[in-house]
J.: 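Structure provided below as structure tokens; questions to follow.
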Amino acid sequence: MDTNDAKSYFSVRLLEWYDVHKRDLPWRRSRNPYYIWISEVMLQQTRVETVIPYYHRFLERFPTVEALADAPEEQVLKAWEGLGYYSRARNLQAAVREVKESYGGRVPDSKEEISSLKGVGPYTAGAVLSIAYNKPEPAVDGNVMRVLSRYFLLRDDIAKPSTRIGIEKLARELIPEGKAGDFNQALMELGATVCTPKSPHCLTCPVMELCAGRLEGIADELPVKTKAKPPRPERRAVAFIEGAGEEAGRILARQRPKEGLLASMWELPHVLLPETMPEPEAAGADAAAMRFLREKLAAEYGLNVEPTEPMMDAEHTFSHIHWRLRVYRCRFLGLAEGPAVHDGGVANNTADDDGLRDGDVFLWFGEKELGQYALPNVFLKILKQAGVR
DNA sequence: AAGACGGGGGA
DNA sequence: TCCCCAGTCTT
């Protein structure tokens, strides 16, 4: 049995298996390149079950390239709320605008052109080209690297870019004539449902007989992958500022800067506590944190508040940061001129000389604003727990 | 090559 | 808890 036999066996058996076992997923009901593209971007680092409801809502709201290109970015971000990696949404809209302007609204079908679009890397390019246009391009994601590492007993570290390149070359050779779309999806489907990261279901695998990893008894030790660094811890004090009078029942929110973490999203104002601050359990910790919160908000944003009492705790883990949040109830005293708080309107700070950083915009949040502007999940949860709606 | 960039689900 | 998920971009 030589390598070529193992390769053709793999491709043939995998396609037969896929024909019987493929899941009925929404984006498999169409070959519309725009639909396929949306699904592939949403699926980056995100599970199928999570994506499905977003996929339906997003396409209902933005059914065509034109509709997405013409939408306000704010609405796109809102449709992405809770899905994470928000640069995906921003890049997707920039790319769709490019498709509208430069390609007459038709998603390009060449590797060079589609790869030039924002947010379209090697995986997404291959996925759209193969699934929507049946072009013989590999689409190598985490599933594919795992499946092929096991079947061909590859011990290279899949965290290295060079390893992905090598697996792409291999995956390209495996594509059966005229079957690129089905084959690539079959490979990912096998990884998602049978050749799983932990305790793979080898006994139901269509290619188990020639799987080198299983035959060596080390399938569950593959692929080799260097483990990520743990997220750095941060403690933050959050201001829960309830409006009075005209703004009764509404909460003061801030829009984050247009770049970086959670770009352009809305949140409750908060500050990073110095590591020298006492732990939350220590005596006097809350008093110290409340003083720091008051001083920092005033200095950073011209936002004057009087923290009164701790309200709740929350935690949130990003891939690279771990937040421990303590929310303090605050009395609103006022906001210095510059980005004013308008009734119902987003403050404008286009002027650069207002002494405030880009993105320092405040707004009283009520039901209407919650339905209009995007917040990260951690702040949505805090507002929900506080009974704001 | 390494870090930034969300959030959730399964073992 | 840890790991990983239909990754891409920046430095």
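Labels below follow one simple rule: chain letters A, B, ... track the order of the sequence lines, proteins then strands, and each chain is numbered from 1.
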J.: Figure out the CG/P separation between A:Leu222 and C:dC4, and round it to whole Å.
T.: 12 Å
J.: Quick one: which protein N/O atoms are closer than 3.5 Å to N/O atoms of nucleotides 9-11 of chain C? Pair and distance per line, please.
T.:
unit_1	atom_1	unit_2	atom_2	d
C:dC9	OP1	A:Gly119	N	2.6

J.: Please report the distance, rounded to the nearest Å, between CH2 in A:Trp37 and C1' in C:dA6.
T.: 16 Å
J.: For residues 35-58 of chain A, pull every pair meeting salt bridge (Lys or Arg N to Asp or Glu O under 4.0 Å), keeping only residues two or more places apart or in separate chains.
T.: none
J.: Taking atom C1' in both C:dC4 and B:dC5, compute the distance separating them and give it to the nearest angstrom.
T.: 16 Å
J.: Anything under 30° is parallel, anything over 60° is perpendicular, the rest tilted; go ahead and classify A:Phe10 against A:Phe152.
T.: tilted
J.: Under a 3.5 Å cutoff on both atom distances, Watson-Crick or G-U, what's the dot-bracket for DNA chain B ([ ] crossing, | other strand)?
T.: |||||.|||||
J.: Would you indicate what A:Arg146 reaches in the nucleic acid, counting non-hydrogen atoms under 4.0 angstrom: base, sugar-phosphate, or nothing?
T.: sugar-phosphate
J.: Measure from CG on A:Asn143 to P on C:dC4 and round the result to the nearest Å.
T.: 12 Å
J.: Measure NZ/A:Lys227 against C1'/C:dT1 and give the value in whole Å, please.
T.: 14 Å
J.: Which part of the nucleic acid, if any, lies within reach of A:Trp323 when heavy atoms closer than 4.0 Å are counted: base, sugar-phosphate only, or nothing?
T.: nothing
J.: Could you check, using the six-membered ring where one of them is a Trp, whether A:Phe318 and A:Trp323 have ring centers closer than 6.0 angstrom?
T.: yes
J.: For a quick check of understanding: with a heavy-atom distance under 4.0 Å over all strands, which category does A:Leu25 fall into, base, sugar-phosphate or nothing?
T.: base
J.: Report, one line per pair, each donor and acceptor closer than 3.5 Å where one atom sits in a side chain of residues 130-140 of chain A; sequence neighbours left out.
T.:
unit_1	atom_1	unit_2	atom_2	d
A:Ser130	OG	A:Gly126	O	2.7
A:Ser130	OG	A:Ala127	O	3.2
A:Ser130	OG	A:Asn184	ND2	3.0
A:Tyr133	OH	A:Val107	O	2.5
A:Asn134	OD1	A:Ala180	N	3.2
A:Asn134	OD1	A:Gly181	N	3.0
A:Asn134	ND2	A:Gly178	O	3.0
A:Glu137	OE1	A:Lys111	NZ	3.3
A:Glu137	OE1	A:Arg172	NH1	3.4
A:Glu137	OE1	A:Arg172	NH2	3.2

J.: Rounded to whole angstrom, note down the C1' distance from C:dC9 over to B:dG8.
T.: 23 Å
J.: Regarding A:Thr46 and A:Arg88, is there a side-chain donor-to-acceptor distance under 3.5 Å anywhere?
T.: yes
J.: Take atom OH of A:Tyr55 and atom P of C:dA6, then tell me their distance rounded to the nearest Å.
T.: 17 Å
J.: Indicate yes or no: does A:Glu279 engage A:Arg324 in a salt bridge with an N to O separation below 4.0 Å.
T.: yes
J.: Taking any heavy-atom pair under 4.0 Å as a contact, classify A:Thr196: base, sugar-phosphate, or nothing.
T.: nothing
J.: Does any donor atom in the side chain of A:Thr124 or A:Gln44 lie under 3.5 Å from an acceptor atom in the other side chain?
T.: yes
J.: Would you give me the side-chain donor-acceptor pairs under 3.5 Å for residues 308-315 of chain A, sequence neighbours excluded?
T.:
unit_1	atom_1	unit_2	atom_2	d
A:Thr308	OG1	A:Arg329	O	3.1
A:Glu309	OE2	A:Arg329	NE	3.3
A:Asp313	OD1	A:Arg326	NE	2.7
A:Asp313	OD2	A:Arg326	NH2	3.0
A:Glu315	OE1	A:His322	NE2	2.6

J.: Rounding to an integer number of angstrom, what distance separates B:dA11 and C:dA6 when you compare their P atoms?
T.: 13 Å
J.: Mind checking whether A:Ile175 and A:Val207 sit in one hydrophobic cluster, side chains of I, L, V, M, F, W, Y counted as touching below 4.5 Å?
T.: yes
J.: A:Glu168 has an atom CD; how far is it from atom P of C:dA6, in whole Å?
T.: 17 Å
J.: Does the separation of the ring centres of A:Phe362 and A:Trp266 fall below 6.0 angstrom?
T.: no
J.: How does each nucleotide of nucleotides 1-11 of chain B score, in 5' to 3' order, for protein heavy atoms under 4.0 Å: base (B), sugar-phosphate only (S), or none (-)?
T.: S-SSBBBBBB-
J.: Quick check: do A:Leu190 and A:Asn143 have side-chain heavy atoms less than 4.5 Å from each other?
T.: no
J.: Between atom CD in A:Glu189 and atom C1' in C:dC5, what is the gap in whole Å?
T.: 14 Å
J.: To the nearest angstrom, how far is A:Trp80 atom CH2 from C:dT8 atom P?
T.: 13 Å
J.: Is the A:Tyr55 to A:Trp27 ring centre distance short of 6.0 Å?
T.: yes
J.: Using the C1' atom as the point on both nucleotides, what is the distance between C:dC3 and B:dG6, in whole Å?
T.: 15 Å
